[in-house]
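Single-structure report; data block below.
Indexing begins at 1, ligand by ligand and atom by atom, following the structure's order.
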Amino acid sequence: MSAVIVSGKDLAKEKRAFIKEKVSELHTEKNIQPSLAVILVGEDPASQSYVRAKEKACEEAGINSILEKYPSSITQDELLERITHFNGDASVHGILVQLPLPDHIDELAVIEHISPGKDVDGFHPVNIGRMMIDQKSFLPCTPYGIVEMIKSLDVSISGKHVVVIGRSNIVGKPVGQLLLKEDATVTYCHSRTKDLASITKQADILIAAVGRAKLIGPEYVKDGAIVIDVGVNRLETGKLCGDVDFEAVKEKASYITPVPGGVGPMTITMLLHNTLQSAQNEACENKTFSS
Ligand code: GUN
């Protein structure tokens, strides 16, 4: 069997067209233009490229984006001051500080400084906490995008065994939580897990978010499993590849996401979705958050 290749690119295109329509409606009906402030610190090439992609996606959707770039010598207080500024600017609906930050800056302090009502990354402890207890919140974009991709397939999540490899705060932990909410049975694996393959082979849905090129070969995968690859690794050749050995695993899985063109485009799409949601919250009396 050769797996169906799940194009995040196609699903993202469809969802972005819908978001663009809603952005336009909000502008016409309420005179509100969704606006996202992005702060980039330092010169990391991967971060620069992600931020460029976010800017371009905003522009295409009609969302205003404001980019502030700072050298890695910026102090934590200076960075917090910029966040304070955007927290208080009613025309800004979303604030995103691109991670990672330089070592001298406390990432959690920065995330906690963003008003939860503008935390369109869904990283603030208030949003993470609300997500855990099934309350309205901004959902972290990559996990949210993964759930949307799985829901777009002709399969039910309820009762399925999901195995997540990786326990990061921004992908592994929250994706398991979101799929638990969809009534999956969730197992987390990580670098200290013993006999990884014996667990991953039980997965109906296997999510690889470890950051190690081609770690997951066919010996880790059950016949007919859905395989979601969150890894973005650069090979020595310069080519991007995921955590999954795509060519070998696609012969065993029922569905598989490619890298690039899989989860990546969905992450940015859910960022647009959250920014629109934040602007809609402003327009609506029944605000999810006060910001
Ligand atoms: N760095 C890698 N992924 C992300 C993301 O989704 N949001 C932010 N802010 N930084 C990141």
Problem set entry | Taking every non-hydrogen atom, the tightest pair across G88 and K118 | N-NZ, 4.5 Å
Problem set entry | Linked, directly or transitively: I207 and F246 (ILVMFWY side chains, under 4.5 Å) | no
Checking a contact table here: which protein heavy atom is nearest [atom], and how many Å away?
atom: atom 8 (C) of ligand 1; value: D121 OD2, 3.4 Å
atom: atom 3 (N) of ligand 1; value: I170 CD1, 4.2 Å
atom: atom 11 (C) of ligand 1; value: Q98 NE2, 3.4 Å

Problem set entry | Salt-bridge present (E182, K151; N to O < 4.0 Å) | yes
Problem set entry | Residues E148, K15: salt bridge by 4.0 Å N-O rule | yes
Exercise. Any chance the rings of F138 and H124 have centres within less than 6.0 Å?
Worked result: no
Exercise. Is Q202 reaching over with its side chain to a backbone N or O of S198, donor-acceptor style, under 3.5 angstrom?
Worked result: yes
For this session: For ligand 1, find out whether one of its N or O atoms is nearer than 3.5 Å to an N or O atom of T142.
Result: no
For this session: Check whether any N or O atom of L99, backbone or side chain, sits under 3.5 Å from an N or O atom of ligand 1, and answer yes or no.
Result: yes
For this session: Record the part of F123 in heavy-atom contact with ligand 1 below 4.0 Å; permitted values are side chain, backbone, both and neither.
Result: side chain
For this session: Would you mind running through ligand 1 and noting each atom that sits below 4.0 Å from a heavy atom of L96?
Result: 9 (N)
